[in-house]
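Notes for the one structure printed next.
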Amino acid sequence: MCGKVCGMQQTIDLITHAAIRELRAFTRRTGQPTHVDLMDLEPLRQINEIEITEEHITVTYNQNIEHHYNANTITQKEWSYKYNDDAEFVQAIARVIELARKHVRDLPDNVACPPGCAECCSGYEPFVSREDVQRIAEHLGLTYRETLDRYVVQRTSADGYVVGYLRKVTDDVADQCVFLKGRGSGSYYCGIYPARPHDCAAFTPIGCEDVDTNLSRSGSYKVGPPFRPRHPKGALSQRRRGRR
Ligand code: SF4
Ligand code: SF4
């Protein structure tokens with residue numbers, strides 16, 4: 001029983017994670033903030049069964065069973081799609097299902113990052129909110145303003161929630177995050193791990209295709225010293241005056 005239900009839940013999770021990535025890409029492209037609460041996931045939360053036959057994909061969801069003395073009342077929504085009505089759409093669904101199955105087959109390898117992999121710390125630009133910047137500032141012993149000026153490419157979103165994204169070590173957006181430490185793939189680690197942006201903390205390896213496949217998932221992994229900001233001469237006293 002659990003096999004089928006758990007498999008469906010994993011499928012749903014994978015679709016959700018893909019959707020979250022798309023939301024992030026949308027935010028990156030447009031500067032418009034998005035978050036998972038904006039997605040209407042309710043119909044997906046209570047899927048009871050997905051049946052795929054030669055001709056149909058049938059999804060049964062929101063099934064509600066009321067138990068009575070000698071009978072049960074079953075109410076449910078059901079969505080059914082007939083093959084060939086819209087071949088492109090069916091193919092798209094088949095691809096999603098195949099991808100989900102592939103990743104379910106890959107489990108448990110796919111639920112944890114190999115130690116020292118940090119491909120995503122180069123491939124993405126984590127967005128930061130005021131809270132993120134404040135937390136990083138306190139972690140580094142800097143002011144909010146200093147942290148913003150040194151480590152954030154400032155792009156305030158329309159609602160003011162996002163204040164920008166973390167800088168890379170150079171102006172090349174495909175370069176490493178300014179806080180990434182370590183000698184190379186396999187020994188990378190986040191230099192501000194306890195204070196890292198929410199975007200980084202929420203990032204999931206499930207379905208990640210950026211993983212460095214040369215890395216082993218076993219073995220010991222040593223994390224070096226944390227990231228330390230360089231303090232220009234005299235900055236400390238100025239910072240004490242300007243701390244907000
Ligand atoms: S803050 Fe840390 S986890 Fe986030 S991208 Fe930079 S190095 Fe990676
Ligand atoms: S496996 Fe993927 S999510 Fe994990 S560190 Fe590597 S690139 Fe990032």
Side-chain angles (χ1 to χ4, degrees), residues 10 13-14 16-25 27-28 35-36 99-100 102-142 144 146-155 162-230:
Q10 281 155 356
D13 286 349
L14 285 166
T16 307
H17 288 309
I20 289 169
R21 282 177 190 212
E22 274 172 25
L23 279 184
R24 287 198 178 125
T27 302
R28 222 170 273 138
H35 51 86
V36 73
L99 185 68
K102 175 182 175 302
H103 288 304
V104 169
R105 276 200 301 275
D106 286 349
L107 292 172
D109 274 2
N110 229 345
V111 295
C113 308
C117 175
E119 291 297 313
C120 51
C121 298
S122 305
Y124 295 87
E125 301 86 54
F127 279 90
V128 286
S129 63
R130 284 173 200 281
E131 287 75 18
D132 287 324
V133 176
Q134 186 60 39
R135 190 173 56 254
I136 295 168
E138 286 168 14
H139 179 76
L140 296 176
L142 299 175
Y144 179 92
E146 282 170 323
T147 306
L148 196 67
D149 289 345
R150 288 191 194 186
Y151 305 120
V152 177
V153 177
Q154 294 170 45
R155 297 271 188 284
V162 167
V163 293
Y165 56 86
L166 289 188
R167 280 189 193 284
K168 302 303 184 89
V169 290
T170 66
D171 287 340
D172 181 355
V173 286
D175 216 330
Q176 295 172 5
C177 170
V178 69
F179 294 123
L180 186 64
K181 297 213 22 151
R183 292 180 318 280
S185 188
S187 70
Y188 282 136
Y189 63 96
C190 176
I192 56 160
Y193 191 78
R196 67 199 187 287
H198 176 75
D199 241 14
C200 303
F203 203 81
T204 169
I206 295 178
C208 172
E209 293 184 351
D210 298 324
V211 57
D212 182 346
T213 49
N214 294 318
L215 296 178
S216 161
R217 289 173 194 269
S218 56
S220 60
Y221 176 60
K222 276 190 187 159
V223 171
F227 177 92
R228 291 271 174 248
R230 287 203 193 99

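All ligand and atom numbering here is 1-based and tracks the order in the structure.
The closest protein non-hydrogen atom to atom 8 (Fe) of ligand 1 is Cys121 SG, 2.4 Å. Protein heavy atom at the shortest distance from atom 6 (Fe) of ligand 1 is Cys177 SG, 2.4 Å.
Distances below 4.0 Å separate heavy atoms of Cys117 from the following atoms of ligand 2: 1 (S), 5 (S), 6 (Fe), 7 (S). Close approach of ligand 1 to Pro126 (heavy-atom distance below 4.0 Å) involves ligand atoms 5 (S). Near Leu180, meaning under 4.0 Å from any of its heavy atoms, are these atoms of ligand 1: 7 (S). Atom numbering of ligand 2 starts at 1 in the shown order; those under 4.0 Å from a heavy atom of Phe203 are 3 (S). Residue Cys120 approaches ligand 2 through these ligand atoms, each under 4.0 Å from one of its heavy atoms: 3 (S), 5 (S), 7 (S), 8 (Fe). For ligand 1, the atoms lying closer than 4.0 Å to a non-hydrogen atom of Pro197 are 1 (S).
Residue contacts with ligand 1, taken as heavy atom pairs separated by less than 4.0 Å, involve Leu166 solely via side-chain atoms from C-beta onward. Neither the backbone nor the side chain of Ala118 has a heavy atom within less than 4.0 Å of ligand 1.
In this structure a side-chain-to-backbone donor-acceptor pair under 3.5 Å is present from Asp132 to His198. Checking side-chain atoms of Arg167 against main-chain N and O of Arg150 turns up a donor-acceptor pair under 3.5 Å. Using modelled atom types, one side-chain atom of Arg196 and one backbone atom of Tyr193 make a donor-acceptor pair closer than 3.5 Å. Between the side chain of Lys168 and the backbone N or O of Ser122, at least one donor-acceptor pair lies under 3.5 Å. Side-chain atoms of Tyr189 come within 3.5 Å of backbone atoms of Pro225 as a donor-acceptor pair (strictly under, hydrogens ignored).
When all heavy atoms of Ile136 and Ala195 are compared, the pair lying nearest together is CG1-O, 3.3 Å.
With 2.8 Å as the limit, Cys200 does not count as an N, O or S neighbour of atom 2 (Fe) of ligand 1.
The option with the heavy atom closest to atom 2 (Fe) of ligand 1, from among Cys190, Gly123, Ser122, is Cys190.
The aromatic rings of Phe127 and Tyr165 sit perpendicular, their planes meeting at an angle over 60°, well past the 30° parallel limit.
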